[in-house]
Q: 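Just passing along the structure, written as structure tokens.
Chain letters run A, B, ... following the sequence lines, proteins first, then strands; residues in each count from 1.
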2 protein chains.
Amino acid sequence: MELSERDQRVLEAVISGYIRSGEPVGSRTVSKHYGLNVSSATIRNIMADLEDMGFLQQPHTSAGRIPTDKGLRFYLDSILKIRQLEKRQQALIRKAFETKKGDIDDLLRRTSQVLSRFCEQAGVVLWPRLSATRFKHIEFVRLRPRQILVILISKSGLVQHTLLDWEEDLSQDDLDKYARYLNELLEDVPLAEVKDRILREMENEKVLFDQLFSQALELSKRAFQEALESADVHIEGHTQLLRNPEFADVERMRRILEAFEDKTRIIRLLDKALDPERQVQIVLGTESDVNELQEISLISSPYRRGETVLGVLGVIGPMRMDYSRIIPIVTFTASLLSQLLADPDEAPSGEGAHESS
Amino acid sequence: MELSERDQRVLEAVISGYIRSGEPVGSRTVSKHYGLNVSSATIRNIMADLEDMGFLQQPHTSAGRIPTDKGLRFYLDSILKIRQLEKRQQALIRKAFETKKGDIDDLLRRTSQVLSRFCEQAGVVLWPRLSATRFKHIEFVRLRPRQILVILISKSGLVQHTLLDWEEDLSQDDLDKYARYLNELLEDVPLAEVKDRILREMENEKVLFDQLFSQALELSKRAFQEALESADVHIEGHTQLLRNPEFADVERMRRILEAFEDKTRIIRLLDKALDPERQVQIVLGTESDVNELQEISLISSPYRRGETVLGVLGVIGPMRMDYSRIIPIVTFTASLLSQLLADPDEAPSGEGAHESS
DNA sequence: TGTTAGCACTCTGTTTGGCAGAGTGCTAAG
DNA sequence: CTTAGCACTCTGCCAAACAGAGTGCTAACA
């Protein structure tokens, strides 16, 4: 059940025609506009074969063909050649990032905006897992009696805060002491290992009998528990989705946007795409286990800081997307973001690497 | 050009009929279902008068009437009697807040969720302006050479962070010193006054000649500049808007949701509604200066901490909303949020004004 | 054996006319 | 001032008709 060269070209023709127009593509169109020098009747035969093999489908007798998910998947895996993004486009995207420096949060938000604007679909960025970065700083602030605001800062500049209720009322002075101790203890420890580090330290006998130390550790343990679990995602340009004619049905669109509001679903989807091995990953709706997202498709690419993958970014749109245009944008944006996040301390070529003392 | 009691009742009937059904209301319906003991012909005469006066309009000859903006405004200001929210509903809302404690951010996000769910429209919360609260803590973290992460915590537990580029490379030790100095200097100062306080301190001659002090002040000045300006808003339940039949037109809906994505517009709208004098404020779309929001309406209520207004919360929906149902929910939620935010340290006076019979 | 022209058939989308229903304004009578 | 009655208007819906797009099949052709 191999696909001949010609079969593939017909499949490609149908798919790109469908992507362009959003409507079923007929044999006549294919034979006329896609430079295969065969008549429409021949195309019809081929199309019928492709339908038998499950790559194409007909919405109804006497309509043209549209690709099935299987067809799309084959197209993406075997037919589509991904080019580099044009220099001109690259420059435009670079420029979009130049405007203003800011927080890492600003940077990531901007990234999703850029994705949305350039791809004309919804742009999405999965925030770095704290566990992917290193410890930088912790701070405790006594907001009210028995309420402590914990602020955790990662080396990459992520800030996370949690409110802890604590049985005992600790003074701000004590809290400052705890923080100093922890900041020293955990300096530069990968946040994924912080828990182990704390547990190990708890067994240290010097610590075991010191009220201060053990309480500080207990406190940080609770704080990290909350902080490390959280995952966040930012979606920009929902409304671009409304531009797609396939979502003209309000009710359907509503269900999809509803799924977006509960971010956990999107996070689950993106988590699946967080494969450091692959530069770009495409999840067709039907391949995800999220019911409400059956009709949409995600093109994603991981972004890194140095070697470690921090998170994923991508574009969400209808299955019928111009993959050949969007994939290069997504991969380029991912690599650009990785560059922007690169730690100058660690880059060998960069300026003098100071140690913070 | 006074409206008689009867005229008002007809207007009310048309409006509540229209709110219920979303369709033009005819004279027959009014005379039958709204207990005015007059015939439909009489109603027709009255409706014609109301139309002349600009309170009603006809989508086309031989359709029923729908209210104009002026008519709605009159209804809201003069006819509608706002009741207290039922005890049962109150309890349900209270319960929705109980589930989990968290950050102030969590609390505010939850508030917008509650609004959205109970009103079945989009819920919106304008974050407290930092300038409305008091200084609690500042912290500087040296992320990279010449890059300082500033973390600012208000007494109410709001956390704000900004990244500052600084000409000179300051050591973490120095930064800690600055922070200690500032934390002492600014303890409990209202953030609105912090700038003045800093400027005043800068003129202090003891400080003037001390490198450390003056740099700390300069640093904080820049930090506060950024932090105090920012305003944030959270909108929950966009998708509820899609439920309204008047937004069945995708293109129109898209424009509205697009306006939501650029939060500055919503912030502008909510700022207008931040009037501490009024318990509830309603902005009809046409009354706002935001073009894209002509067709929607905002019901809002300020929330406080003690005496000072922190921000606004509200509900955004189509003009045709069940005001009589939603207004009590909004005002109740605002007062509940105020209670939850109340500082136990400061509120011995028990200002719980929202007692119900 | 693969390709092509021709033809009958099917399904969709749009247009047209007709019709029922809802609602109005006006008039004349109570 | 109120109301019954009536002619009129506009919408929404339905059915029929029709053009257009596309297919599958068959038979002829290279």
Q: Without decimals, in angstroms, what is the distance between A/Ile46 CD1 and D/dC25 P?
A: 16 Å

Q: What parts of residues 5-23 of chain B reach DNA chain D, counting only heavy atoms under 4.0 Å away?
A: B/Arg6

Q: Taking only N/O atoms, report every protein-nucleotides 13-23 of chain D pair under 3.5 Å with atom names and distance.
A:
unit_1	atom_1	unit_2	atom_2	d
D/dG22	O3'	A/Ala63	O	3.4
D/dT23	OP1	A/Ser27	N	3.3
D/dT23	OP2	A/Ser27	N	3.1
D/dT23	OP2	A/Ser27	OG	2.6

Q: Would you list the pairs meeting ring pair (Phe, Tyr, Trp, His ring centres under 6.0 Å) in which at least one residue belongs to residues 235-270 of chain A, sequence neighbours left out?
A: A/His238-A/Phe260

Q: Side-chain donor-acceptor pairs under 3.5 Å in residues 85-92 of chain A, sequence neighbours left out?
A:
unit_1	atom_1	unit_2	atom_2	d
A/Gln90	NE2	A/Leu85	O	3.0

Q: What nucleotide, of D/dT3, D/dC10, D/dG24, holds the atom closest to the side chain of A/Ala48?
A: D/dG24

Q: Go through the steps to decide whether A/Gln281 and A/Val312 satisfy the test side chain to side chain contact (heavy atoms under 4.5 Å, CB included), and finish with yes or no.
A: CA-CA 10 Å; A/Gln281 185 139 14; A/Val312 216; over 6 Å; no

Q: In whole angstrom, what separates A/Asn37's CG from D/dA30's P?
A: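 Nearest whole value for this atom pair: 18 Å.
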
Q: Would you mind listing every ring pair (Phe, Tyr, Trp, His ring centres under 6.0 Å) that reaches into residues 19-41 of chain B, with sequence neighbours excluded?
A: none

Q: At what distance, to the nearest 0.5 angstrom, does CE of A/Met47 lie from OG of A/Ser27?
A: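 Taking CE in A/Met47 and OG in A/Ser27, the distance rounds to 6.0 Å.
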
Q: Assess whether side chain to side chain contact (heavy atoms under 4.5 Å, CB included) is satisfied between B/Ile316 and B/Gln121, documenting all intermediate values.
A: CA-CA 6 Å; B/Ile316 291 180; B/Gln121 301 292 351; over 6 Å; no

Q: For the pair B/Glu295 and B/Arg252, find out whether any cationic side-chain nitrogen is under 4.0 Å from an anionic carboxylate oxygen.
A: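 A salt bridge links B/Glu295 with B/Arg252.
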
Q: Who pairs with B/Arg320 by side-chain contact (heavy atoms from CB on, under 4.5 Å), at least two apart in sequence or on another chain?
A: B/Tyr18, B/Ile19, B/Pro245, B/Glu246

